[in-house]
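Numbering of ligands and ligand atoms starts at 1, following listing order.
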Amino acid sequence: MDLVIRNASLPDGSSGVNIGIEDGRIAAIGAGIAMQGAQEIDAAGDLVTPPFVDAHFHMDATLSYGLPRVNASGTLLEGIALWGELKPELTQQALVERALQYCDWAVGRGLLAIRSHVDICDDRLLAVEALLHVREKVAPYLDLQLVAFPQDGVLRSPTAFANLQRAIAMGVDVVGGIPHFERTMADGAESVRLLCEFAAEKGLRVDMHCDESDDPLSRHIETLAYHTQRLGLQGRVAGSHLTSMHSMDNYYVSKLLPLIKEAGVAAIANPLINITLQGRHDSYPKRRGMTRVPEMLAAGIDVAFGHDCVMDPWYSLGSGDMLEVAHMGLHVAQMTGQEAMRDCFRAVTETPARILGLDGYGLQVGCHADLVLLDAADPIEAIRLRAARRFVIRRGKVLSQAPAARASLNLPGRPQTVNFRLGR
Ligand code: FE2
């Protein structure tokens with residue numbers, strides 16, 4: 001074997017597993033299988049997982065924090081206005097540099113696949129060109145999937161649909177939308193129809209910003225599920241954010257969840273962003289700004305967590321750490337049961353991999369040897385500690401290494417090193 005990882009624990013709870021890698025793929029995997037490698041890594045019982053996957057990001061805006069000014073109110077609408085101020089100032093070189101820097105951060109965090117929306121409302125399509133260039137440049141180490149995103153509304157902005165078609169012709173992968181930002185509910189519904197029909201005609205996936213609002217009557221997810229089913233797009237459509245579902249009437253949700261399931265529409269929640277942006281018109285009690293994650297999981301709907309933003313007009317924090325995203329999602333959705341916490345780990349690994357349609361993702365023989373060794377025993381400890389990514393491996397090659405998190409203590413009669421892991 002080219003590389004052998006010994007004594008790993010896997011997210012499914014199995015332990016003592018050896019993983020043999022040849023020609024960039026997993027050639028053998030199992031407990032107690034004898035194998036020899038040209039290179040060997042001793043996992044010492046720690047968790048090996050397929051890489052983190054971010055199903056929802058905005059790489060054209062990332063790391064632009066403070067340009068041209070900071071978001072004073074911290075609201076979604078000021079963020080959109082600020083992005084509008086920044087757009088005319090953007091240069092392709094600056095976009096590429098910031099995106100590449102973010103991809104470096106992602107690799108260091110074991111995040112090796114990202115679906116990024118790219119705003120197509122600027123007629124120059126500068127950001128599209130820049131991110132297509134970045135997609136090609138990072139392809140050896142990171143899968144970047146691009147969504148043509150009409151930030152100003154595909155109907156509300158006069159050139160948006162033509163730009164969206166141009167972006168797709170240039171090689172952008174997925175059709176985006178933002179129905180709740182159109183001028184009327186009727187226009188929102190019409191935008192969903194238009195975009196789903198376009199995607200069906202082109203054989204593309206769909207991922208819309210959908211109902212990112214506290215308005216319980218924002219019901220574009222229903223229309224998205226309807227057109228998905230009508231056009232045979234099952235399994236290829238995602239609704240991102242879906243925060244209005246948080247505020248919807250429970251009876252209506254009891255009808256809606258089976259419709260989403262039946263249509264095979266996936267949900268992508270963005271806990272870090274929506275816990276800060278939603279509920280801003282409330283006094284007290286303030287609503288949590290996240291869609292109904294446990295209820296959707298119970299209904300059999302695929303739910304992923306996205307990072308959405310890192311240091312941009314909408315969010316001033318973040319560092320590409322999907323364990324931080326899972327940690328926030330777990331808290332906001334009160335998913336503290338053992339299986340629920342494992343669901344949060346799945347929401348930043350295997351579920352988004354399925355939503356993106358990633359080929360060869362997983363831990364079976366024949367899958368790409370894309371693996372992350374964490375300084376944690378299992379998915380729950382990984383989330384608790386936002387565990388260090390000891391090794392990040394892509395196609396059998398080590399891309400990144402980081403030390404385990406340890407502190408040296410200077411206490412009378414106590415151990416000199418502490419590692420924050422029970423029993424170690
Ligand atoms: Fe977004």
request  = Scan side-chain atoms only and decide if D321 and S319 contain a donor-acceptor pair under the 3.5 Å cut-off.
outcome  = no
request  = Ignoring hydrogens and angles, state whether a donor on the side chain of R287 or H246 is under 3.5 Å from an acceptor on the partner side chain.
outcome  = no
ask   = Tell me, which protein N/O/S atoms are under 2.8 Å away from the Fe ion (ligand 1)?
value = H56 NE2, H58 NE2, H209 NE2, D308 OD1
ask   = Just checking, R109 and F52: is the charged tip under 6.0 Å from the six-membered ring centre and within 45° of the axis?
value = no
message = Less than 6.0 angstrom separating the ring centers of H241 and H180, yes or no?
response = no
query = Regarding Q101 and E97, is there a side-chain donor-to-acceptor distance under 3.5 Å anywhere?
reply = no
inquiry  = Please determine whether side-chain hydrogen bond (donor to acceptor under 3.5 Å, both in side chains) holds for the pair D207 and S240, giving the CA-CA distance in whole Å, both sets of side-chain angles, and the decisive distance to 0.1 Å.
reply    = CA-CA 7 Å; D207 186 340; S240 280; 2.7 Å; yes
